[in-house]
Amino acid sequence: AQTVTQSQPEMSVQEAETVTLSCTYDTSESDYYLFWYKQPPSRQMILVIRQEAYKQQNATENRFSVNFQKAAKSFSLKISDSQLGDAAMYFCAYRRGVDKIIFGKGTRLHILP
Amino acid sequence: DAGVIQSPRHEVTEMGQEVTLRCKPISGHDYLFWYRQTMMRGLELLIYFNNNVPIDDSGMPEDRFSAKMPNASFSTLKIQPSEPRDSAVYFCASSLDRDGYTFGSGTRLTVV
């Protein structure tokens, strides 16, 4: 069965600095999708970034980028120039084709002013 | 598009009462998912539909839970009778094919 592991329950970063959140997953599939979702205190789940497994190029969305290592089954999220609004719970997620999305337990990110 | 719309946003009910949560997915999305979020168990998939047909309901905790999708623009999740351990945030999400989900704002359910 597929699993998603986020080994850092909580992290803190100074405002304007860079932080990397870790995620590993387990699958025997070759065609799948990986996501990072953000859940601020408002509880709204927001899609931050998406990566297709068949693409070697790492996805980037403004200050958010990923380091996708397919062989190592690793999918980390880098947030550059951290802002106070980035404080949230971040969930790594995996989807095999059109199947359901499997979420990790989340990493709570604190931004220190 | 208004996004995925869930109602109510908050629900407080007494143990034993019936609770109905509602969801309107994004127009054109062919997948609809119901998740439950608690501190202890994180995000759990309860059930999902494809083109209004239930595909996987293995996450529905017990017979007290039921979900329907009578048409492409509406789904309900019903709990009857409700119990205090059902207290959680319930999310509805929809997606088109292999895209990531778009989530609704969730319903915070409190059963007292």
Side-chain angles (χ1 to χ4, degrees), chain A residues 1-10 21 23 25 27 29-55 59-61 64 66 68 75 77 88-108, chain B residues 1-6 8-11 21 23 25-26 29-51 53-60 67 87-110:
Chain A
Q2 294 85 10
T3 59
V4 177
T5 302
Q6 294 179 248
S7 59
Q8 305 150 314
E10 284 194 68
L21 309 183
C23 173
Y25 58 95
T27 185
E29 304 292 331
S30 58
D31 178 23
Y32 53 88
Y33 301 80
L34 296 165
F35 308 91
W36 278 97
Y37 279 85
K38 169 185 177 181
Q39 187 178 38
S42 67
R43 86 171 181 237
Q44 179 71 51
M45 292 283 286
I46 302 164
L47 178 61
V48 174
I49 201 164
R50 175 180 185 266
Q51 175 80 44
E52 292 92 337
Y54 65 85
K55 289 186 177 179
T60 298
E61 289 287 340
F64 298 86
V66 298
F68 173 46
F75 183 61
L77 175 69
M89 191 75 134
Y90 286 83
F91 293 94
C92 179
Y94 163 97
R95 188 178 195 183
R96 180 192 65 183
V98 294
D99 203 356
K100 62 191 177 189
I101 288 182
I102 298 168
F103 290 89
K105 295 293 186 186
T107 296
R108 185 170 299 282
Chain B
D1 199 318
V4 176
I5 300 172
Q6 287 188 248
R9 185 157 172 81
H10 304 277
E11 176 80 33
L21 312 182
C23 175
I26 290 175
H29 280 192
D30 52 357
Y31 284 85
L32 184 138
F33 304 82
W34 283 100
Y35 279 81
R36 178 170 69 177
Q37 185 179 35
T38 60
M39 289 291 291
M40 290 296 293
R41 300 172 71 94
L43 279 159
E44 301 175 276
L45 177 69
L46 300 176
I47 185 171
Y48 77 93
F49 297 82
N50 177 223
N51 292 322
V53 176
I55 302 300
D56 182 354
D57 65 354
S58 60
M60 297 285 264
S87 297
V89 178
Y90 290 81
F91 284 102
C92 174
S94 69
S95 77
L96 178 62
D97 196 34
R98 300 170 180 228
D99 284 349
Y101 298 168
T102 300
F103 281 82
S105 299
T107 295
R108 180 176 294 280
L109 174 65
T110 303

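In what follows, chains are A, B, ... by sequence order, proteins preceding strands, each numbered from 1. Everything numeric here is computed off the predicted structure, so don't read it as measured data.
Contact of A:Lys105 with chain B is made through the side chain alone, with heavy-atom distances under 4.5 Å. B:Gln37 touches chain A through its side chain: at least one heavy atom from C-beta onward sits under 4.5 Å away, while N, CA, C and O do not. In this structure, no portion of B:Asp30 lies under 4.5 Å from any heavy atom of chain A. The contact between A:Arg43 and chain B is made by backbone and side chain atoms together, counting heavy-atom distances below 4.5 Å. With a 4.5 Å cut-off on non-hydrogen atoms, B:Arg41 touches chain A through its backbone but not through its side chain.
Side-chain contact, B:Ser95 with A:Arg95: a donor N or O sits under 3.5 Å from an acceptor N or O. No side-chain donor from either of B:Tyr48 and B:Asp57 sits under 3.5 Å from a side-chain acceptor of the other. Defined by atom type and a distance below 3.5 Å, a donor-acceptor pair is present between the side-chain atoms of A:Thr27 and A:Tyr94.
Of the listed residues B:Ser105, B:Gly42, B:Gly104, the one with more heavy-atom pairs under 4.5 angstrom with chain A than any other is B:Ser105. Contact tally against chain A (heavy-atom pairs below 4.5 Å) for B:Leu43, B:Thr102, B:Leu45, B:Ile55: the top residue is B:Leu43. The candidate with the highest count of non-hydrogen atom pairs below 4.5 Å against chain B, out of A:Phe91, A:Phe35, A:Tyr37, is A:Tyr37. Contact count against chain B (heavy-atom pairs under 4.5 Å) is highest for A:Ile101 among A:Ile102, A:Ile46, A:Ile101.
For B:Tyr101, the ring-ring contact (aromatic ring centres under 6.0 Å, His included) criterion is met by B:Phe33, B:Tyr35, B:Phe103, not counting sequence neighbours.
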Practice task
Kindly indicate, with the supporting measurements, whether the criterion salt bridge (charged side-chain N to carboxylate O under 4.0 Å, His left out) is fulfilled by A:Asp31 and A:Arg96.
Solution key: CA-CA 7 Å; A:Asp31 178 23; A:Arg96 180 192 65 183; over 6 Å; no
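The neighbour count for A:Arg108 CZ, taken as heavy atoms of other residues, nucleotides or ligands under 6.0 Å away, does not exceed 12.
Classified by interplanar angle (parallel below 30°, tilted 30° to 60°, perpendicular above 60°), the ring pair A:Tyr25/A:Phe68 is parallel.
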